There are 2 protein chains.
Amino acid sequence: MEKTYLTVEEAAQALKLLGDKNRLSIMRYVSVDECCVCELVELLDISQPAMSQHLRKLKDAKLVNEKRKGHWVFYSINKEHPGYTMVQGVLASLPNGKEDLEELSNNNMRIICD
Amino acid sequence: MEKTYLTVEEAAQALKLLGDKNRLSIMRYVSVDECCVCELVELLDISQPAMSQHLRKLKDAKLVNEKRKGHWVFYSINKEHPGYTMVQGVLASLPNGKEDLEELSNNNMRIICD
DNA sequence: ACCTCATATAAGTAATTGCTTATATAATAA
DNA sequence: TTATTATATAAGCAATTACTTATATGAGGT
C-alpha cells in the first residue's frame, strides 16, 4: 500500500470542516455507524435546520455519504475520501462515539423522530 | 504509555486553526525545524503582518513556542500540547516541509530578512 | 387526493475571519 | 542618540460563518 499525500489545500478544506465542534461530533458518530438526521439532532442538541446545514457542508465536501431509507436520510462516513486516513487519525484522538450511540439504543431512541 | 483523549471542544479549536492553508503550512514547517518569521514569510508568500497574526493565533492556542534570538523571533511546534499527537497525525498526511526548508538553505535564504 | 413526518432550503443576521495599511515596539548597530 | 531591522499591533473592511425563523420538498400512510 503506497502512501499518498493530500495537498495543503485539500487538507485545510477538510480540517476547516472538522474545526467545528458540532461537525466534528457528527463525524465522530457517523464513523461508528450510519445515523439518520433525527438521531444526530438528538445526540448533539442543535436545531434540525442547523444540523441539515452542517450535513450539507460535509456532504458537499464528500466527507459523508447520504442514503435515503423511506422517511429517513442516513449519513455515514465516506471511506473513499482522499482525506479519510487523516480524518480517522483525528477521530482516534477523541473518545469514541459508540457509547453515546449505544445509550441512544438503550433508551429506545434510535430512529424515533417524533 | 496510556492513551489520552482530547475533548471535542479542544480538538475542534485546534482543527479550526489548522483549517487554514497558511496556518497549516506554518505548522508543516515549524514541525520540521524552528523558523523565524521572515523565513515563514518567504516560504508562504504572505505579508508580514498577516504572518504575524497567524503566528499569534497559533501561539495563543499554545500550538507553537516562541523564542527570541536577537532581532529574530523563532517559532517551533509545541510537543507538549495535548493535541500534539493529533497534529502530527494531520501533518503526516501532507508532504513534508523539509524539502522547502532545504531549498531555502540552498538559496542561502535562511535568516536573510533583508 | 390529503395529511403527516423527516429533512432541506431560503432569507436574514450577528459574530468571526483573514486580510490590508499604517504605526508601534524591541533589539542591535553606528 | 539616531538609524535600521525584525516583528507586533491597531484599525478598518469585505467575505465567511453558524445560527435563527419561516417555508418548501419528498416519502408514506389514510
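All chains are named by letter (A, B, ...) in the order of the sequence lines, taking the proteins before the strands, and each is independently numbered beginning at 1. Everything numeric in this text was worked out from a predicted model, so none of it was measured. Because only heavy atoms are used, hydrogens play no part in the values below, and waters and symmetry mates are left out as well, while side chains stay in.
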Q.
Please report the distance, rounded to the nearest Å, between CE in A/Met51 and P in D/dT20.
A. 12 Å
Q: Using a cut-off of strictly less than 4.0 Å, decide whether A/Ser52 has a side-chain nitrogen or oxygen near OP1 or OP2 of C/dT7.
A: no
Q | A/Ile46 CD1 - D/dT20 C1' separation (whole Å) | A | 12 Å
Q | Base of D/dT9 paired with side chain of B/Gln48 (donor-acceptor, under 3.5 Å) | A | no
**Q.** Minimum side-chain heavy-atom gap A/Asn96-A/Leu91 below 4.5 Å
**A.** no
Q. B/His71 side chain: which of D/dT20, D/dT5, C/dC19 is closest?
A. D/dT5
Q: When you get a sec, tell me which of D/dA27, D/dC19, D/dA6 is the closest nucleotide to the side chain of A/Arg68?
A: D/dA27
Q.
Looking at B/Tyr75, I'd like to know whether one of its side-chain N or O atoms comes within less than 4.0 Å of OP1 or OP2 on D/dA6.
A. no
Q. Quick one: which of D/dT21, C/dG18, C/dC19 gets closest to the side chain of B/Arg23?
A. C/dG18
Q: Using atom NZ of A/Lys69 as one end and atom C1' of C/dC5 as the other, report the distance to the nearest whole Å.
A: 18 Å
Q.
Assuming nearest nucleotide by heavy-atom distance, tell me which of A/Asp20 and B/Val73 is located more 5' along DNA chain D.
A. B/Val73
**Q.** Whole angstrom value for the distance that separates P of C/dC19 from CZ of B/Arg56
**A.** 13 Å
Q: Check B/Ile26 against B/Leu55 and note the closest heavy-atom contact, atom names and distance.
A: CG2-CD2, 3.8 Å
Q. So what does B/Lys21 hit on the nucleic acid, given a heavy-atom distance under 4.0 Å: a base, only sugar-phosphate, or nothing?
A. nothing
Q.
Output the rounded distance in Å from CG (A/Asp45) to C1' (D/dA18).
A. 16 Å
Q | Rounded distance in Å - CG (B/Leu18) to C1' (C/dG18) | A | 16 Å
Q) Picking from C/dT9, C/dA8, D/dA18, which would you name as closest to the side chain of A/Lys57? A) D/dA18
Q) Between A/Arg28 and A/Pro95, is there a donor-acceptor pair closer than 3.5 Å when you use the side chain of the first and the backbone of the second? A) yes
Q) Nearest to the side chain of A/Trp72 - C/dG18, C/dT7, D/dT17? A) C/dT7
(Q) Please report the distance, rounded to the nearest Å, between CD1 in A/Ile26 and P in D/dA18. (A) 11 Å
Q: Could you check which of D/dA18, C/dT20, D/dT7 has an atom nearest any side-chain atom of A/His54?
A: D/dA18
Q. Looking at A/Val30, A/Leu17, A/Asn78, which hits side chain to side chain contact (heavy atoms under 4.5 Å, CB included) with A/Val64?
A. A/Val30
Q) Considering only D/dT7, D/dT17, C/dT20, which nucleotide approaches the side chain of B/Pro49 most closely? A) C/dT20
Q) Pick the nucleotide of DNA chain D nearest each of B/Ala50 and A/Ser47; which residue has the one closer to the 5' end? A) B/Ala50
Q: Give a yes or no on whether A/Asp45 atom CG has more than 12 heavy-atom contacts from other residues, nucleotides or ligands under 6.0 Å away.
A: no
**Q.** Nearest-angstrom distance from the residue atom NZ of A/Lys16 to C1' of D/dA18
**A.** 13 Å
Q: May I ask you to verify whether the side chain of A/Gln53 and the base of D/dT17 hold a donor-acceptor pair under 3.5 Å?
A: no
Q: For the pair B/Glu34 and B/Lys69, evaluate side chain to side chain contact (heavy atoms under 4.5 Å, CB included) and give the outcome as yes or no after the intermediate values.
A: CA-CA 12 Å; B/Glu34 48 179 30; B/Lys69 287 189 192 174; 3.1 Å; yes
